[in-house]
Amino acid sequence: MLKGKTAVITGGSRGIGRAIALKLSENGADVAILFAGNEAAARKTEEEASAFGGTARRYRCDVSDFSAVKETVSRIIKDFGRVDILVNNAGITRDSLLFSMKEEAFDAVLDTNLKGAFHMIKHCYTQFIRQRSGKIINISSVAGLMGNPGQANYAASKAGLIGLTKSVARELAGRGVCCNAIAPGCIETDMTANLFPPEELKRMVPLGRMGKPEDIAELALFLAGSGSDYITGEIIRVDGGMAM
Ligand code: NDP
């Protein structure tokens, strides 16, 4: 389905990004896996992705660093020759009530979650225009739709991604590039380990349980493929009904 396509996944070493990298490679894509610091996890995902038969390479790159992203995207284009799918998934949390939230915590979350996506799209832009095709998938969150106490920085970054998604969708539609966002609910990863007691989940989530990274990867696969060619500027929840 994605044979001959190159996918770039930020935060592809662990959790949701890892599941997306594996799902896209299982379906024929070559994958560039960006990670921040966890070399062992990145290497493992790279090995698992290569086992599907295509090319997989890992790149250490802090997405909040404009120049590092510029350099990494050039390397990827040199290595793979093209970029067809960009998944902006890298994300962090620095939770606390706004009253006690440090400026550094606000900036760090915005710089990684929102500015990181801006950096990636900016540096892939010319390549997409040249190819006259492309799929950009931004990983937002239900927090960006509903807000969440203790997550003012995180929710602002995820709501920002929704505005970014719609603007990029309008800007690049005429060039054959689609840009959509996925808004996950509670997904089982390192980020959410021990965060939600079962009784809390039952109260918050109509389907009564957490989602798996693969639930997000299935939708990413659809948004990366030709079955979604007439969908752009859309925000799709994968949240067990949490934010309906
Ligand atoms: P994890 O904490 O499990 O993984 C985060 C990934 O992002 C890792 O691969 C990490 O790399 C990478 N990363 C972090 N900071 C940077 C950076 N500055 N530059 C490059 N890569 C970075 O998170 P999840 O898989 O849970 O979350 C993935 C995305 O989904 C995030 O954007 C998150 O906000 C969003 N999301 C998650 C939900 C959930 O319930 N889990 C719900 C809603 C949205 P490394 O391995 O090197 O540390």
Side-chain angles (χ1 to χ4, degrees), residues 8-23 31-46 48-49 58-69 71-73 76 86-95 105 107-120 123 137-148 151 153-162 164-165 181-196 200-201 204-205 209-217 219-220 235-240 242-243:
V8 178
I9 302 111
T10 71
S13 48
R14 292 187 286 123
I16 292 171
R18 171 183 172 274
I20 294 174
L22 296 182
K23 181 62 70 181
V31 292
I33 296 160
L34 273 60
F35 68 104
N38 194 331
E39 182 85 40
R43 188 178 312 117
K44 187 160 179 283
T45 306
E46 181 190 60
E48 288 170 328
R58 66 182 190 280
Y59 300 83
R60 184 191 290 263
C61 172
D62 176 356
V63 294
S64 69
D65 181 336
F66 184 91
S67 320
V69 171
E71 199 220 309
T72 303
V73 169
I76 291 169
L86 168 62
V87 185
N88 287 309
N89 163 81
I92 57 167
T93 52
R94 294 277 190 280
D95 298 351
D107 289 346
V109 169
L110 269 287
D111 284 352
T112 299
N113 299 9
L114 180 57
K115 233 174 146 195
F118 161 69
H119 294 156
M120 291 298 302
H123 294 306
I137 303 164
N138 295 323
I139 307 299
S140 178
S141 167
V142 291
L145 299 169
M146 305 164 74
N148 199 19
Q151 287 200 310
N153 50 359
Y154 183 78
S157 73
K158 295 299 183 178
L161 275 177
I162 292 173
L164 180 73
T165 299
I182 300 176
C186 305
I187 310 297
E188 281 171 19
T189 68
D190 295 344
M191 186 181 268
T192 53
N194 309 318
L195 211 60
F196 306 107
E200 178 81 353
L201 275 175
M204 287 185 336
V205 185
R209 60 172 174 84
M210 294 187 79
K212 304 226 169 295
E214 291 70 27
D215 294 320
I216 310 301
L219 178 57
I235 318 302
I236 305 175
R237 292 183 295 107
V238 182
D239 67 348
M242 192 176 167

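All figures in this text were calculated on a predicted structure; none of them were measured in a lab. In listed order, ligands and their atoms are each counted from 1. Reckoned from all heavy atoms, side chains included, excluding hydrogens, waters and symmetry mates.
For ligand 1, the protein residues within 4.0 angstrom (heavy atoms only) are Gly11, Ser13, Arg14, Gly15, Ile16, Phe35, Ala36, Gly37, Asn38, Cys61, Asp62, Val63, Asn89, Ala90, Gly91, Ile92, Thr112, Ile139, Ser140, Ser141, Tyr154, Lys158, Pro184, Gly185, Cys186, Ile187, Thr189, Asp190, Met191, Thr192.
Closest approach of His119 to Val63, counting heavy atoms only: ND1-O, 2.8 Å. Summarising the geometry of Ala155 relative to Ala143, their closest heavy-atom pair is CB-O, 3.3 Å, with the distance given to 0.1 Å. Considering all non-hydrogen atoms of both residues, Leu164 and Ala117 come closest at CD2-CB, 3.9 Å.
Every residue two or more places apart in sequence or in another chain was checked for a salt bridge (charged side-chain N to carboxylate O under 4.0 Å, His left out) with Glu214, and none qualifies. Partners of Arg60 according to the salt bridge (charged side-chain N to carboxylate O under 4.0 Å, His left out) rule, which considers only residues two or more places apart in sequence or in another chain, are Glu39.
Here side-chain hydrogen bond (donor to acceptor under 3.5 Å, both in side chains) pairs that include residues 107-118, with residues two or more places apart or in two chains, are Asn113-Ser157.
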